[in-house]
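The structure under discussion appears below in the form of structure tokens.
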Amino acid sequence: MPEGPELHLASLFVNRMCEGVVFSGPVKKSEVSKSPDVSFSCEAYCITATSRGKEVKLTLTPIKSDDAKRRARPGQADQPMDIVFRFGMSGYFRFTTEDELPKHAHLRFYTKEKPRRVLSFVDPRRFGSWQPNGTWQPDRGPCIMFEYKSFRENVLSHLPDRAFDRPICEVLLNQKYFNGVGNYLRAEILYRLNIPPFVPARDVLEGLPSDDLLVSGKPLKNEITDTKTPVRTKKKGVKQETSDLLRLCHTVPLEVVKLGGKGYDPEKADYSAFQAWLQCYYVDGMNSIRDHNGRTMWFKGDPGPMAPKNSKSPKAKKRLKKEDDHDYTAKKKVAKGRSVATRKTPALKEEKVTKTPKKEKKAGPKEAVSKRGKAGKIQEINTPRRGTRSNSRRRKSSPAKSAAGSQT
DNA sequence: CGTCCACGTCTAC
DNA sequence: TAGACCTGGACGG
């Protein structure tokens, strides 16, 4: 769940659930967490949240009472404390009763009332982290959703940076410039403009105006919202004044915030809405290959000139999946089924690269014990394959629907 | 039961 | 440019 939209929804969730709620006592950390202890304890305090890109900041504010000011006891906070969170791959907040504490609740804030309730930072994989007395990470750029103007200027004023030598799909994950974009957003954003993912980033960014009028108000013509003109765009040399890449880095995530899944609350999250929203990521029929950092890039059509020449699309076999988790809005993927080509790559699959001299490296001997990092490689270039009835299975909840078709 | 995969950083060779 | 860091769900056998 955690890309910019989910982090923002998490902050809205905290503000909504904790409004008017009084917390008390120490902040508790789980035994297994390696993040810092939060030495904050107070008889009465409230909690508010804000987000910026892929970070959420909680502010614990002591509630002053005549009693408290009178004798400031040691160990009792009287000053506010900020805690900045990063969610890793699986972080989220929950607000439950004490006896319904979720598994993997690594940082907990208890309410003052009797049957206590608990605001928890839950993170099964523990890739997330927090910093007491923290500030927004200095190397991260402006938020793509709520600091659009400076985000845009930051990118366009640094195009000479070698970082932009890389393929656009990889640069989109660089948080120094695209704070809030994650793996599903980069796929959805590039798909909307039909930009091949492995094209040099600078090539697609240079020439864009540093000032987007959208900021000042009226959205000009937006491809999707335009009711009259069909989506064409491609074809015809009509350059058309549709949204450019940087604007989509702002508007696409805001669409997810708008879906908001019922304002959050993992319990009743409605994934089908998010799934129906996805047009490319994990959608059956789309192509996927691993980028230079081993992350799966989903796209349609041509991968572009800088596509990794050897690596391929991840494991042909298991695609499917389900949709997993909770998430504030919703998340996950899997769209409707359709097996595209049907051809499933017969042999191949498991074996490794037949030749490929250089690399063999480990593996050779005993093989890699447990973890095996990268997996097999297989060569062969992109192009689908995996299809196989993807969704065919998808048991579990969600059957359905998916809704109304349409999409797109 | 074992393998593969996951919405993300970090840091070490 | 590779691992490391983790848990758990979907699948395959």
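Each chain gets a letter, A, B and so on, in the order its sequence line appears, and its residues count up from 1.
For the pair A/L7 CG and B/dT9 P, the computed distance is 9 Å after rounding to whole Å. Between A/R290 atom CZ and C/dT1 atom P there is a gap of 17 Å when expressed in whole angstrom units. For A/M306 and C/dT1, the CE to P distance is 10 Å, given to the nearest whole Å. Rounded to an integer number of Å, the gap from A/E170 CD to C/dA2 C1' is 14 Å. Going from atom CZ of A/F127 over to atom P of B/dC5 covers 15 Å, rounded to whole Å. The distance from atom OH of A/Y282 to atom P of B/dC4 is 14 Å, rounded to the nearest whole Å. Rounding to whole angstrom units, OH of residue A/Y271 and P of C/dA10 are separated by 12 Å. Following rounding to the nearest Å, A/Q131 (CD) and B/dC10 (P) show an atom-to-atom distance of 10 Å.
Between A/Y184 and A/F274, the ring center distance clears the sub-6.0 Å criterion. When ring centroids are compared, A/Y177 and A/F164 come within the 6.0 Å threshold.
Taking every side-chain heavy atom of A/Q175 into account, B/dT9 is the closest of B/dC5, C/dG8, B/dT9. Proximity note for A/R295 (side chain, C-beta onward) versus B/dG8, C/dT7, B/dT9: the nearest is B/dG8.
A/H8 places no side-chain N or O within 3.5 Å of a backbone atom of A/L254 that could act as its donor or acceptor partner. Side chain of A/N293 to backbone of A/R295: no donor-acceptor contact under 3.5 angstrom is found.
Residue A/Q137 places at least one side-chain N or O closer than 4.0 Å to OP1 or OP2 of B/dC10. Residue A/H292 places no side-chain N or O under 4.0 Å from the OP1 or OP2 atom of C/dA2. A sub-4.0 Å separation between OP1 or OP2 of C/dT7 and a side-chain N or O of A/K103 is absent. For B/dA6, one of the phosphate oxygens OP1 or OP2 lies less than 4.0 angstrom from a side-chain nitrogen or oxygen of A/T296.
Taking the P atoms as reference points, C/dG9 lies 23 Å from B/dT9, given to the whole Å. Annotation: B/dC10 and C/dG8 have their C1' atoms spaced 23 Å apart (nearest Å).
For the side chain to side chain donor-acceptor pair (under 3.5 Å) condition, the pairs that include at least one residue of residues 18-29 of chain A, sequence neighbours left out, are A/K29-A/D37. Sorted by first then second residue, the salt bridge (Lys or Arg N to Asp or Glu O under 4.0 Å) pairs that include residues 74-91 of chain A, not counting sequence neighbours, are A/E55-A/R86.
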*Under a 3.5 Å cutoff on both atom distances, Watson-Crick or G-U, what's the dot-bracket for DNA chain B ([ ] crossing, | other strand)?*
||||||.|||||.

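Here A/R186 lies out of heavy-atom contact (under 4.0 Å) with every strand.
A salt bridge does not link A/R166 with A/D291: every distance from a Lys NZ or Arg NE/NH1/NH2 to an Asp or Glu carboxylate oxygen is 4.0 Å or more.
Heavy-atom nearest nucleotides on DNA chain B were determined for A/R86 and for A/R125, and the one closer to the 5' end corresponds to A/R125.
A donor atom on one side chain and an acceptor atom on the other are found under 3.5 Å apart for A/R290 and A/T296.
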